[in-house]
Amino acid sequence: MIKGCIFNIQKFCLHDGPGIRTVIFMKGCPLHCRWCSNPESQSGKKEIIYDAKLCIDCGGCVAVCPIAAVTVTRDKRVSIDRDRCSKCGVCATQCPTTALQILGKEMTAKEILNIVEADRLFYQTSGGGVTISGGEPLFQPEFLFDLLKQLKENEINTAIETSGIGPWDVIQELCKLLDWVLFDIKHLDRKKHLESTGVNNDQIIDNLSKLSAIKKNLILRIPIIPGFNMDHDFYDKIIKIVNNENINFVDLLTYHRLGSDKYEKLGKKYELINVNPPNMSLVDEVAHMIANQTNAKVSVNT
């Protein structure tokens with residue numbers, strides 16, 4: 001039985017496709033964007049998260065760890081050797097305050113279908129459905145196909161949020177099971193894209209061009225990151241792409257730091273701690289510029 005690694009299922013979402021939607025967050029992503037608000041999505045495997053603010057220093061996690069990957073430092077703080085940790089989750093089951101949690105759960109498409117079915121009425125009345133996000137859903141293609149197939153067999157509207165990283169033949173087949181595609185473009189400069197995400201954008205741009213030719217329900221999503229892509233040259237090129245590829249929908253995603261605390265909990269460093277969210281007047285200016293120079297419907301997601 002095919003299983004996927006899921007780290008969250010969020011209901012009643014309004015910014016991940018049309019209508020009221022349930023978003024399935026899958027683990028694993030080839031990109032490591034410096035501004036990522038879901039760092040727990042980057043690894044395709046289960047991870048352990050530790051919230052020091054919830055810890056009461058009971059020592060239960062240290063006592064039960066079978067490989068001594070959890071210890072206490074001299075200043076009486078819990079320390080996790082993440083290279084050694086097997087992610088067995090025993091420590092999390094013994095934590096009375098949920099300071100320790102395992103992120104990532106293996107689920108079948110049927111299990112997910114049982115969850116989303118409960119909200120079918122909301123989908124029908126709002127024109128919504130299920131959006132599969134991540135991470136990068138294409139990171140788990142076999143499970144993704146299985147899940148989308150079962151959703152369509154049960155007449156549930158489907159959407160995917162993707163960075164566009166993946167084989168074109170896979171994306172082409174997925175389109176047969178997708179009502180909407182939300183496609184991210186971070187930057188059009190190959191070097192800047194590589195520096196800030198860890199991969200170049202060659203495949204992304206190529207897939208977008210091919211996808212726009214066969215999929216009209218395509219939403220181009222652009223994260224607005226100060227110091228990275230907030231310049232007129234970038235948006236002039238975006239306007240050309242929107243016009244050349246006949247893209248009907250553009251969604252601007254404003255940078256925020258809401259997920260920055262997750263990095264410390266995962267034992268990682270957040271690199272953009274000194275970067276502030278963009279000035280909304282500038283964001284509105286960008287939105288008006290794209291709307292005025294294209295036929296696309298432009299929205300801003302804060």
Side-chain angles (χ1 to χ4, degrees), residues 6-27 29 33 35-41 107 112-137 144 147-148 150-152 154-164 174-175 177-186 211 215-225 238 242 247-262 277-288 290-291 294-302:
I6 310 299
F7 73 91
N8 192 16
I9 297 178
Q10 189 172 335
K11 295 190 172 189
F12 304 106
C13 299
L14 300 175
H15 302 291
D16 301 273
I20 297 173
R21 309 192 73 85
T22 298
V23 181
I24 313 300
F25 292 92
M26 298 173 62
K27 279 183 68 63
C29 185
C33 302
W35 56 85
C36 182
S37 59
N38 289 321
E40 71 274 32
S41 72
M107 300 182 70
I112 292 176
L113 186 63
N114 289 338
I115 293 173
V116 303
E117 276 282 4
D119 295 322
R120 179 182 287 274
L121 179 61
F122 295 108
Y123 308 149
Q124 293 175 338
T125 56
S126 69
V130 172
T131 299
I132 305 172
S133 186
E136 171 51 65
L144 180 59
L147 176 56
L148 286 173
Q150 293 199 36
L151 289 169
K152 294 311 295 178
N154 285 272
E155 300 181 340
I156 295 176
N157 184 280
T158 58
I160 186 177
E161 292 179 342
T162 178
S163 65
L174 282 172
C175 284
L177 300 169
L178 287 166
D179 295 297
W180 290 87
V181 176
L182 286 66
F183 195 105
D184 285 7
I185 286 289
K186 276 79 170 176
L211 184 62
K215 198 73 177 177
K216 296 308 175 186
N217 285 349
L218 172 65
I219 302 176
L220 187 64
R221 306 205 320 163
I222 306 165
I224 300 182
I225 316 295
I238 287 293
V242 172
I247 294 172
N248 296 318
F249 305 94
V250 176
D251 192 6
L252 303 180
L253 313 176
T254 56
Y255 164 75
H256 57 74
R257 293 197 299 245
L258 297 179
S260 59
D261 63 324
K262 297 180 184 178
N279 185 304
M280 286 309 299
S281 64
L282 295 177
V283 175
D284 290 338
E285 181 182 328
V286 170
H288 288 306
I290 297 175
T294 70
N295 293 320
K297 180 180 178 181
V298 182
S299 60
V300 177
N301 184 353
T302 57

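- Expressed to the nearest 0.5 Å, how far CG of Asn114 lies from CD of Gln150 amounts to 9.5 Å.
- Shown here for Pro277 and Arg257, the closest heavy-atom pair between the two residues is CD-NH1, 4.4 Å.
- Judged purely by atom type and a 3.5 angstrom limit, Arg221 has no side-chain atom pairing as donor or acceptor with the backbone of Phe183.
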Using a 3.5 Å cut-off and no angle test, enumerate the donor-acceptor pairs between side-chain atoms of residues 294-302 and protein atoms at least two apart in sequence or in another chain.
from: Thr294; atom 1: OG1; to: Ile290; atom 2: O; distance (Å): 2.7
from: Thr294; atom 1: OG1; to: Ala296; atom 2: N; distance (Å): 3.2
from: Ser299; atom 1: OG; to: Asp251; atom 2: OD1; distance (Å): 3.1

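- Here the shortest heavy-atom pairing between Leu211 and Cys175 reads CD1-SG, 3.3 Å.
- Between Thr22 atom OG1 and Ile156 atom CD1 the span is 8.5 Å, to the nearest 0.5 Å.
- Distance CD/Glu117 to OH/Tyr123: 8.5 Å, rounded to 0.5 Å.
- Among all heavy-atom pairs drawn from Thr254 and Met280, the shortest one is CG2-SD, 4.0 Å.
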Which donor-acceptor pairs under 3.5 Å do the side chains of residues 7-18 make with protein atoms, sequence neighbours left out?
from: Lys11; atom 1: NZ; to: Asp119; atom 2: OD2; distance (Å): 3.2

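- The structure places CD1 of Ile160 at 5.5 Å from CG of Leu174, a figure rounded to the nearest 0.5 Å.
- Side chains of Asn154 and Val116 form no contact here, defined as non-hydrogen atoms less than 4.5 Å apart.
- Put simply, the side chain of Leu182 does not reach to within 4.5 Å of the side chain of Asp184, judged on heavy atoms.
- The two residues Cys36 and Ser41 have their closest heavy-atom pair at SG-OG, 4.3 Å.
- Listed by chain and residue number, nothing satisfies the side chain to side chain donor-acceptor pair (under 3.5 Å) test with Asn217 (two or more places apart in sequence, or in another chain).
- Under a 3.5 Å cut-off, the side chain of Asp179 and the backbone N or O of Thr158 do form a donor-acceptor pair.
- A 4.5 Å side-chain heavy-atom check between Met107 and Ile24 finds every atom pair outside the cut-off.
- Side chain of Asn279 to main chain of Ser281: a donor-acceptor pair is present (N/O by atom type, distance under 3.5 Å, no hydrogens or angles).
- Under a 3.5 Å cut-off, the side chain of Glu40 and the backbone N or O of Lys262 do not form any donor-acceptor pair.
- For the atom pair CH2 (Trp35) and CG (Leu253), the distance works out to 11.0 Å, reported to the nearest 0.5 Å.
- The CD1 atom of Ile112 sits 4.0 Å away from the CD1 atom of Ile6 when rounded to the nearest 0.5 Å.
- What you find for Gly134 and Asn38 is that their closest heavy atoms are O-ND2, 4.2 Å.
- Scanning both residues, Lys186 and Ser163, for their nearest heavy atoms gives NZ-CB, 3.9 Å.
- Here the side chain of Ser37 pairs no donor or acceptor atom with the backbone of Gly259 at under 3.5 angstrom.
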Stepwise side chain to side chain contact (heavy atoms under 4.5 Å, CB included) test for Asn157 and Trp180:
CA-CA 8 Å; Asn157 184 280; Trp180 290 87; 3.8 Å; yes
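- Side chains of Leu151 and Leu147 form a contact here, defined as non-hydrogen atoms less than 4.5 Å apart.
- A donor-acceptor contact shorter than 3.5 Å links the side chain of Lys215 to the backbone of Leu178.
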